[in-house]
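What you see below is based on every heavy atom in this structure, not just the backbone, and it leaves out hydrogens, waters and symmetry mates. One is the number of the first residue; the rest follow in order along the sequence.
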Amino acid sequence: STPGGGPVVVGGNSMGIRSVPGRYDSFFIPGPEIPVPEPAPVAVLAQSGAFLLSRMDRIPWLRPRYEVSLGNQIDLTAADFLERFRDDPDVAVAACYLEGFAPGDGVRWLDAAAAIRDRGGAVVLYLAGRTRAGEDAAASHTAAIAGDYAAGRALAERAGVLVADTLDDFTDLVMLSVLLRERPVAGCKLGAASNAGFECVAVADHLGSLELASLSAATRTALARQLDEAGIGEIVAVRNPLDVTPITGDAVFAGVVASILGDRSVDVGLAGIVPFTPALETGPESTEGGGIQERLIELWAETTKPWVTVVDAGRRYDGFCVALAVAGIPVFRTADRAARMLGRYCEWRSRR
């Protein structure tokens with residue numbers, strides 16, 4: 001309640017609140033149709049309800065515990081909610097879109113963000129109003145006083161906040177923060193494999209904060225044996241990233257990824273799947289020993305290192321991507337983006 005004992009208000013200009021624990025939904029837009037058995041340990045806090053809906057609709061298999069459209073913050077503010085999430089052990093990730101802070105609210109928000117980071121959680125932030133035109137738009141949208149973006153970003157990063165540069169970065173960093181949160185990140189050395197050569201080149205061209213791991217002799221020997229089994233040992237050199245070519249089948253592909261992840265020099269992994277080849281079974285049906293979908297899901301359950309997949313294909317393979325994501329595997333649709341976002345996330349985790 002307020003100091004005077006009256007009710008508190010969310011908004012104005014708020015689209016509503018969804019609360020799984022509270023069992024209520026005041027949004028007038030229906031939620032995603034993909035069935036998700038358990039809510040993810042994430043709270044989304046946004047001054048724009050449309051931002052909240054559009055970003056989360058891109059990862060519909062991730063069902064937040066809380067979704068709050070703040071609006072103009074005439075009463076309850078970003079800091080009020082983040083302090084609430086700070087003390088909730090079931091919220092591991094707080095995802096925030098802010099156009100500005102209420103007077104005196106910034107310090108409280110930063111303190112709450114630092115506390116979430118200190119307890120092992122993550123705060124992902126998209127801070128809007130970065131230019132004069134953006135400030136004017138924010139003032140028109142939520143009456144926000146955007147403030148100095150460079151200073152706001154520096155203070156947020158000092159508090160341990162993972163700041164997104166773009167709208168798509170925000171969605172991807174939320175996904176990685178949720179799905180990789182329980183996997184230890186020892187460093188930024190990457191091991192990667194793909195069945196398409198262009199993806200290997202794209203990964204190498206967009207390493208960002210990542211560094212290609214030097215595979216051990218034992219791993220190189222194991223990979224050479226697997227390539228021989230696939231009939232391509234004489235034409236494919238063992239290297240990192242490793243191009244296994246489109247003729248490699250489900251078992252060998254999954255085995256190659258497992259060998260790379262098992263190398264002690266590899267901190268994080270990337271598996272690129274260009275699914276058009278008939279050598280891979282990308283559907284849920286099990287062939288002899290299982291298709292690539294089943295094998296990757298099994299590998300995810302058997303491993304503890306963080307790794308991601310890339311499925312560079314169109315809508316025909318959306319179901320394949322959703323199946324991997326529902327199983328907990330981060331999925332990107334291009335290799336360059338996967339490498340860049342994984343690098344951002346690993347760099348942030350290594351500073352913890």
Side-chain angles (χ1 to χ4, degrees), residues 176 179-197 199-200 202-204 207-233 236-275 279-282 288-311 323-325 327-332 335 338-339 341-343 345-347 349-350:
L176 291 175
L179 297 185
L180 299 184
R181 69 189 187 281
E182 295 181 346
R183 295 184 173 237
V185 177
C188 296
K189 292 184 178 179
L190 174 72
S194 172
N195 65 341
E199 285 198 330
C200 294
V203 169
L207 288 172
S209 302
L210 299 173
E211 175 186 352
L212 291 176
S214 297
L215 302 178
S216 69
T219 299
R220 297 174 71 86
T221 298
L223 290 172
R225 183 178 65 253
Q226 290 166 312
L227 294 176
D228 286 338
E229 292 174 0
I232 58 174
V236 174
V238 174
R239 56 180 301 152
N240 182 28
L242 178 59
D243 174 11
V244 299
T245 80
I247 67 175
T248 299
D250 304 294
V252 174
F253 186 93
V256 163
V257 176
S259 294
I260 291 173
L261 290 173
D263 192 291
R264 297 180 67 176
S265 69
V266 171
D267 299 317
V268 295
L270 183 151
I273 307 154
V274 177
L280 294 181
E281 292 285 347
T282 56
E288 183 179 353
I292 192 59
Q293 174 180 309
E294 181 180 343
R295 290 178 184 274
L296 289 178
I297 291 173
E298 289 176 353
L299 183 60
W300 181 260
E302 294 167 358
T303 55
T304 58
K305 284 184 181 178
W307 54 281
V308 303
T309 57
V310 179
V311 182
L324 296 178
I329 306 173
V331 181
F332 290 86
M341 289 293 95
L342 187 58
Y345 178 76
C346 289
E347 180 185 31
R349 279 284 298 271
S350 66

K.L.:
Mind checking the CG-CG spacing from L207 to L190? Nearest 0.5 Å is all I need.
P.N.:
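Rounded to the nearest 0.5 Å, the CG-CG separation comes out at 6.5 Å.
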
K.L.:
Hey, does L280 have a side-chain heavy atom less than 4.5 Å from the side chain of P275?
P.N.:
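With C-beta onward as the side chain, the pair stays apart.
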
K.L.:
Holding to side chain to side chain contact (heavy atoms under 4.5 Å, CB included), I want the full list of residues that pass it with K189, two or more places apart in sequence or in another chain.
P.N.:
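Applying side chain to side chain contact (heavy atoms under 4.5 Å, CB included) to K189 gives E211, A213, D267.
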
K.L.:
Would you say L180 and V185 make side-chain contact, with heavy atoms under 4.5 Å?
P.N.:
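Not touching, per the 4.5 Å side-chain cut-off.
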
K.L.:
Can you sort out the partners of D263 under side-chain hydrogen bond (donor to acceptor under 3.5 Å, both in side chains), two or more places apart, ordered by chain and number?
P.N.:
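Expected list: S216, T219, S265.
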
K.L.:
To the nearest 0.5 Å, tell me how far L176 CG sits from C346 SG.
P.N.:
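Output value for this atom pair is 8.0 Å.
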
K.L.:
Keeping the roles fixed (side chain from N195, backbone from P246), state whether a donor-acceptor pair exists under 3.5 Å.
P.N.:
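Not at all, since once roles are kept as given, no pair shorter than 3.5 Å links the two residues.
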
K.L.:
Scan residues 290-311 for pairs that pass ring pair (Phe, Tyr, Trp, His ring centres under 6.0 Å), counting only residues two or more places apart or in two chains.
P.N.:
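Those involving residues 290-311 are W300-W307.
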
K.L.:
Could you check V308 against L179 for side chain to side chain contact (heavy atoms under 4.5 Å, CB included), going step by step and ending with a plain yes or no?
P.N.:
CA-CA 10 Å; V308 303; L179 297 185; over 6 Å; no

K.L.:
Could you tell me which residues satisfy side chain to side chain contact (heavy atoms under 4.5 Å, CB included) with A196, sequence neighbours excluded, listed by chain and number?
P.N.:
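A196 satisfies side chain to side chain contact (heavy atoms under 4.5 Å, CB included) with S194, F198, E199, V274 only.
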
K.L.:
Which heavy-atom pair separates G262 from K305 by the least distance, and what is that distance?
P.N.:
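Scanning both residues, the minimum pair turns out to be C-NZ, 4.3 Å.
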
K.L.:
Treating Q226 as the side-chain partner and G255 as the backbone partner, does any N or O pair qualify as donor plus acceptor under 3.5 Å?
P.N.:
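Present.
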
K.L.:
Given V244 and V252, is the side chain to side chain contact (heavy atoms under 4.5 Å, CB included) satisfied, shown in steps?
P.N.:
CA-CA 9 Å; V244 299; V252 174; over 6 Å; no

K.L.:
Would you please name every residue forming a side chain to side chain contact (heavy atoms under 4.5 Å, CB included) with A222, sequence neighbours left out?
P.N.:
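For A222 the side chain to side chain contact (heavy atoms under 4.5 Å, CB included) partners, ignoring immediate neighbours, are R225, S259.
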
K.L.:
Please tell me if the side chains of L242 and V236 come closer than 4.5 Å, counting only heavy atoms from C-beta onward.
P.N.:
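In contact.
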
K.L.:
Rounded to the nearest 0.5 Å, what's the gap from CZ on R239 to OG on S214? Could you check?
P.N.:
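It comes to 12.0 Å.
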
K.L.:
Between T309, L299, I292, which is the residue that forms a side chain to side chain contact (heavy atoms under 4.5 Å, CB included) with V257?
P.N.:
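Running side chain to side chain contact (heavy atoms under 4.5 Å, CB included) over T309, L299, I292 with V257 returns exactly one hit, L299.
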
K.L.:
So, taking the atom named OG1 in T282 and the one named CG in L324, what distance separates them when rounded to the nearest 0.5 Å?
P.N.:
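One finds 9.5 Å between OG1 of T282 and CG of L324.
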
K.L.:
Could you tell me whether a side-chain N or O of R220 sits under 3.5 Å from a main-chain N or O of L215, the two making a donor and an acceptor?
P.N.:
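No, R220 side chain to L215 backbone: no donor-acceptor pair under 3.5 Å.
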
K.L.:
Does any non-hydrogen side-chain atom of N240 lie less than 4.5 Å from one of V266?
P.N.:
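No; the side chains remain at least 4.5 Å from each other.
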
K.L.:
I'd like to check L223 versus I260 (side-chain heavy atoms, cut-off strictly below 4.5 Å). Are they in contact?
P.N.:
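Heavy-atom side-chain distance check passes, below 4.5 Å.
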
K.L.:
Going by side-chain hydrogen bond (donor to acceptor under 3.5 Å, both in side chains), name the residues that satisfy it together with R183, two or more places apart in sequence or in a different chain.
P.N.:
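R183 satisfies side-chain hydrogen bond (donor to acceptor under 3.5 Å, both in side chains) with T303 only.
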
